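Taking it in order: structure first as structure tokens, then the write-up.
Residue numbers start from 1 in every chain, and the chains themselves are labelled A, B, ... in the order their sequence lines are given, proteins ahead of strands. Note that the structure is a prediction, hence the values are computed from the model and not measured.
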Amino acid sequence: MSKCAIPFWRYSTMIMHVNEEYPHRINDFAKSFSKNQVLAKSWLVEHLYMITGTANNITILGSWYGTVIVPLLLNYYSNIKTIRLIDYDEEALSIARFMFGSDIVTQKADVSFDCEEIESDIIINTSCEHMWHMKDIKLNGLCALQSNDFLQESSHVNCVHSLEEFIDQTGLQKIDYQGEIQFDDYHDNKRFMLIGRQ
Amino acid sequence: MIHVLCSRWGETYGPIYVNRLFNMVKKHLPFEFKFHCQTQDAQGIDERISILPFLRDLPESTPDEMFVSDNWRNNKPRLWDRPKLNYFKPNGWGLDGLRIALDLDMIIHNDMSPIVNMFNKPMVGRSWWHNRDHEARPDWKRRNGAYTNGGFYIWKDNQLENIWHDCLKNYEKIYHIYTGGTDNFISQRHLELFDFVPSSMYYSFNRGCEWPHDLDKHIIRKDKIMCAFNTDPGDATNLELHDAIKIYDEVKELWQ
């Protein structure tokens with residue numbers, strides 16, 4: 001079992017914990033490691049690692065539980081000192097702390113209203129469609145940002161329709177990577193990603 | 001003196017709705033009051049009603065400005081009822097003291113004094129009819145879901161000025177993010193300012209009164225005070241007030 005690449009037991013523990021302590025979140029938690037989530041986060045970390053293979057600290061905006069992205073980052077970046085999760089959802093952050101312990105620090109904040117400047121080697125936001133334009137936050141670090149054109153979802157209040165529109169919305173000036181993939185298996189929508197600096 | 005406020009724009013609710021609301025307040029609010037309507041079209045409105053202009057402190061907040069802006073979602077301007085935010089301007093229109101704000105599609109059918117007499121802190125209608133299990137789910141908050149029903153507000157002096165200052169500072173973000181309307185905005189950013197009008201006094205014609213046991217639709221609950229005619233997009237059974245008065249004699253009789 002020590003050679004098992006996927007820590008199934010951790011997810012077993014987490015599902016039991018969420019079901020016991022936060023039963024109203026069990027579906028939401030399960031969705032956080034859906035195929036679609038794993039695809040999107042893998043796409044991000046694989047390309048990010050090709051651009052920079054080292055980082056002392058990483059900040060994740062609108063992190064949700066960090067279910068997929070935190071293990072991926074820990075796997076790729078062996079020397080990380082801090083992974084900071086920022087989200088307005090204190091329960092999600094509490095679950096993240098239970099899941100990842102000292103591998104993370106958390107900060108409760110509404111990215112749209114409470115964040116003016118972020119300083120970090122790497123700044124990740126995989127949910128730009130949920131919040132206000134990233135160009136209005138001073139992002140000091142290499143940014144890896146995702147959004148989509150899935151307007152059908154009512155919580156997606158700030159979708160973009162193209163990479164050009166996404167570049168404008170994020171204020172990235174130096175682009176190291178830009179790309180798009182299908183949003184999911186069921187809809188003819190796109191997910192966009194930019195890696196670069198403001 | 002209580003200042004009672006309402007707003008009228010667009011064509012769906014003509015001046016008769018302002019006049020009928022005034023009549024219902026006159027019948028059921030046994031206190032000295034002045035009735036005001038924020039509108040740019042005074043034609044047909046009872047002369048006893050004071051006409052207030054749309055304030056212009058918040059950019060793109062008048063109906064004309066809102067409708068010509070290009071920031072729409074789901075066939076509506078984002079934060080489509082933003083003119084109601086003007087209610088919260090400290091001493092807006094030179095008014096102070098106790099204020100009540102009502103939507104035009106409300107029916108008041110009993111004495112309002114129990115609400116006024118219990119006033120201690122600002123109060124707003126609560127969507128008691130919502131499934132509380134659904135409200136507790138994280139996707140409710142992620143969708144900026146509302147807990148309140150802003151068909152009725154009561155507050156005093158500048159108790160709600162924090163809402164106004166938030167709007168002045170963050171109007172662009174607030175318009176853009178709270179696409180559902182002011183109930184969503186208030187629920188997600190300023191809920192702590194309010195108590196709720198009890199379910200013994202407030203209900204919805206289309207959604208019922210209180211989850212989970214009192215959810216029968218299209219019923220006038222005679223023991224309560226106010227009835228909201230809020231509708232949900234996509235629910236064909238929902239009736240707006242102008243439809244309900246054509247179908248239900250009881251509603252038509254109360255809306256006088």
Next item on the list: Verify the neighbour count for atom CD of Glu20(A): are there more than 12 heavy atoms of other residues, nucleotides or ligands below 6.0 Å?
Entry: no

Check: Quick check, are the ring centers of Tyr147(B) and His130(B) under 6.0 angstrom apart?
Finding: no

Next item on the list: Under 4.5 Å heavy-atom distance to chain B, tell me which part of Asn158(A) shows up: side chain, backbone, both or neither.
Entry: both

Notebook entry, point to check: What's the verdict on side chain to side chain contact (heavy atoms under 4.5 Å, CB included) for Asp176(A) and Met50(A), showing C-alpha distance, side-chain angles and the deciding distance?
Noted result: CA-CA 10 Å; Asp176(A) 294 307; Met50(A) 285 193 276; over 6 Å; no

Note to self: Using heavy-atom distances under 4.5 Å, tell me whether Ile26(A) contacts chain B through its side chain, its backbone, both, or neither.
What the structure shows: neither

Check: Do the ring centers of Tyr153(B) and Phe194(B) come within less than 6.0 Å of each other?
Finding: yes

Next item on the list: Check whether Tyr22(A) gets within reach of chain B through its side chain, its backbone, both or neither, counting any heavy atom under 4.5 Å.
Entry: neither

Next item on the list: Could you look at Arg142(B) and say if it's the side chain, the backbone, both or neither that has a heavy atom under 4.5 Å from chain A?
Entry: both

Notebook entry, point to check: Based on non-hydrogen pairs under 4.5 Å, which of Glu172(B), Arg78(B), Arg73(B) is most in contact with chain A?
Noted result: Arg73(B)

Margin query: Between Val111(A) and Met131(A), is there a side-chain heavy-atom distance shorter than 4.5 Å?
Written below: yes

Check: With respect to chain A, which residue among Arg137(B), Lys141(B), Lys169(B), His134(B) yields the maximal number of heavy-atom pairs within a distance under 4.5 Å?
Finding: Lys141(B)

Notebook entry, point to check: Between the side chains of Glu210(B) and Ser199(B), is a donor N or O closer than 3.5 angstrom to an acceptor N or O?
Noted result: yes

Next item on the list: Could you tell me which portion of Glu91(A) (side chain, backbone, both or neither) has an atom closer than 4.5 angstrom to a non-hydrogen atom of chain B?
Entry: neither

